[in-house]
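One structure below.
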Amino acid sequence: MVTRRVRRVRIPVRRLEVGATIPFTLLDDNDRVLLFQGQTVTEQFLKRLQQRSLETVIAEIVEEVREETAKEDVSFETKAKTLSCLENTMEDLVKGRPVSLEPLEEHLTAMLEEIRAHDELVVPIIQLKRHDDYTFTHSLNVAVIALFIGRFMEFSREELVRLGLGALLHDLGKLMVPQEILKKPTSLSESERRIVERHPLIAKRLLDGQKGVEDLVKFVPLEHHERLDGSGYPLRLGSQKIHPFARIVAVADVYEALTSNRPYRKALPFAEVIEYLMGNAGYKLDEKVVQIFVARLSPYQVGDVVRLSDGREAVVSRLNPVLPFRPYVQVRTSDGRGGFFVEEIDLARSLTLTIVEEISLKSRIILPS
């Protein structure tokens, strides 16, 4: 999409040359026009500026910009309907009521159709956040990420449906963990940690109590905290015994958790989260899953405002199909003479600059409590 954008640049008067045709409109500090676009700088014009003691003027530049707007991962409407159904389903499961997963599967199928329609090399992940019900929004975000990974791994439609259901229900057991433990702002005691680590077993028990829930769906709630080196929980499974669905959801779960604000810590910058995933690939987390995630899914959208490692603010200008977590950004740089120019930086080619803070993100939607 091509749009017209107006930007203003302050220019020193000494840079204006007699006889030059101005490709933009010149203004003073009160937005009064000094010279229209296409007019010529004359000696008389420069004398008038000198008489007014103007050392700089403002260039109003109109540009046609082709915006590379990112397509939503899944529409907000579809996510909202799925989230509502998920809340009702999980609450019924916890209360031991007979539950059919068919309504949830219908919403999941709608999400899956939107996911399968994506043809981009890089897909932006839009995270829904709601501070009072972390478990539900977290589960939805994890499911979206897991479905994209499964699609990139060329899973069949039926496999994707089972993966998605397992991902949506992966934290079911946490609804049985006391809130004072889940929301504790300090480190958990040993006894509290043991309570939390039982939540996969609780989820398995709740699902076992329902008729018609397939084992493929149960693998994810039970095994998503298992790790390849056997250090996970609750069963301390090794790499050969962890189900592929659980390996995928493990990566999605870690990413979504680390990029969320929690009572005991703030969300980590994306760069740190990716370093963590890459550092644990092949050791605790499935290497192939991590590689697909990092190569195809982007946390950024065009227009996101970030801070670079040199302290400057920048705006994401283009997604990077080679390294999604290192997009193109634009920064304003002084020209040393009272003006500035806009510089676009390819962070994939920069060895010294990184994104260290997300200031304003289109890729996070805060839902009302």
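Here the structure is a predicted model, which is why all the values come from computation and not from measurement.
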**Request:** State whether Arg247 and Glu287 are salt-bridged, where the test is any N-O pair (Lys NZ or Arg NE/NH1/NH2 against Asp/Glu carboxylate O) under 4.0 Å.
**Result:** no

**Asked** Which class fits the ring pair Phe148 and His118: parallel under 30°, tilted 30 to 60°, perpendicular over 60°?
**Response** perpendicular

**Request:** Kindly give the heavy-atom pair with the smallest separation between Tyr264 and Lys184, and that separation in Å.
**Result:** CD2-O, 3.8 Å

**Request:** In sequence, state the C-alpha distance, the side-chain angles, and the governing distance for Lys95 and Glu91, and then conclude on salt bridge (charged side-chain N to carboxylate O under 4.0 Å, His left out).
**Result:** CA-CA 6 Å; Lys95 292 176 181 177; Glu91 288 172 358; 5.4 Å; no

**Request:** List the atom of Gly164, the atom of Ala143, and the distance in Å for their closest heavy-atom pair.
**Result:** O-CB, 4.2 Å

**Message:** Pair Asp253, His138 - check side chain to side chain donor-acceptor pair (under 3.5 Å), show working.
**Reply:** CA-CA 8 Å; Asp253 178 54; His138 168 74; 2.7 Å; yes

**Request:** Say whether, by atom type as modelled, one donor and one acceptor occur between the side chain of Glu272 and the main chain of Pro269 under 3.5 angstrom.
**Result:** no

**Prompt:** Where do Glu223 and Lys218 land on the salt bridge (charged side-chain N to carboxylate O under 4.0 Å, His left out) test, with the steps shown first?
**Reply:** CA-CA 9 Å; Glu223 298 180 8; Lys218 300 175 186 177; over 6 Å; no

**Test side-chain contact (heavy atoms from CB on, under 4.5 Å) applied to Leu16 and Leu49, step by step** = CA-CA 11 Å; Leu16 301 177; Leu49 297 184; 4.2 Å; yes

**Message:** Does this structure show an ion pair linking Asp229 with Arg227, if we count only N-O contacts that are shorter than 4.0 Å?
**Reply:** no

**Leu163 versus Ala146, closest heavy-atom pair with distance** = CD2-O, 3.4 Å

**Message:** Counting only heavy atoms not in Lys81 (residues, nucleotides, ligands), do more than 12 fall under 6.0 Å from its NZ?
**Reply:** no

**Request:** Decide yes or no on salt bridge (charged side-chain N to carboxylate O under 4.0 Å, His left out) for Arg10 and Asp29, but give the supporting numbers first.
**Result:** CA-CA 10 Å; Arg10 189 171 292 278; Asp29 286 340; 3.0 Å; yes

**Item:** Test: Glu190 and Arg194 ion pair at under 4.0 Å
**Value:** yes

**Prompt:** Given side chains that start at C-beta, do those of Pro244 and Asp286 come closer than 4.5 Å, heavy atoms only?
**Reply:** no

**Prompt:** Checking Arg151 side chain against Ile115 main chain: does a donor-acceptor pair fall under 3.5 Å?
**Reply:** yes

**Prompt:** Any idea how Phe325 and Phe293 line up, ring-wise: parallel (<30°), tilted (30 to 60°), or perpendicular (>60°)?
**Reply:** tilted

**Asked** Is Leu169 close to Leu93 at the side-chain level, that is, under 4.5 Å between some pair of heavy atoms?
**Response** yes

**Prompt:** Is there side-chain contact between Leu308 and Ile355, with heavy atoms separated by less than 4.5 Å?
**Reply:** yes

**Asked** With the threshold set at 4.0 Å, does a side-chain nitrogen-carboxylate oxygen contact exist between Glu344 and Arg318?
**Response** yes

**Message:** So, taking the atom named CZ in Phe136 and the one named OG in Ser84, what distance separates them when rounded to the nearest 0.5 Å?
**Reply:** 10.5 Å

**Item:** Distance in Å, Arg198 CZ paired with Arg205 CZ, rounded so as to fall on 0.5 Å steps
**Value:** 10.5 Å

**Prompt:** Between Tyr233 and His225, how do the two ring planes meet: parallel, tilted or perpendicular, split at 30° and 60°?
**Reply:** parallel

**Asked** Short question: side chain of Glu358, backbone of Phe270 - any donor-acceptor pair under 3.5 Å?
**Response** yes

**Asked** Counting heavy atoms not belonging to Glu154, are there more than 12 under 6.0 Å from its CD?
**Response** no

**Asked** Can you find a pair of side-chain heavy atoms, one from Tyr255 and one from Leu297, that are under 4.5 Å apart?
**Response** no

**Prompt:** With side chains defined as the heavy atoms from C-beta onward, is the minimum distance between Asn320 and Tyr328 less than 4.5 Å?
**Reply:** yes

**Message:** Any side-chain to backbone donor/acceptor pair from Ser139 onto His170? Under 3.5 Å, distance only.
**Reply:** no

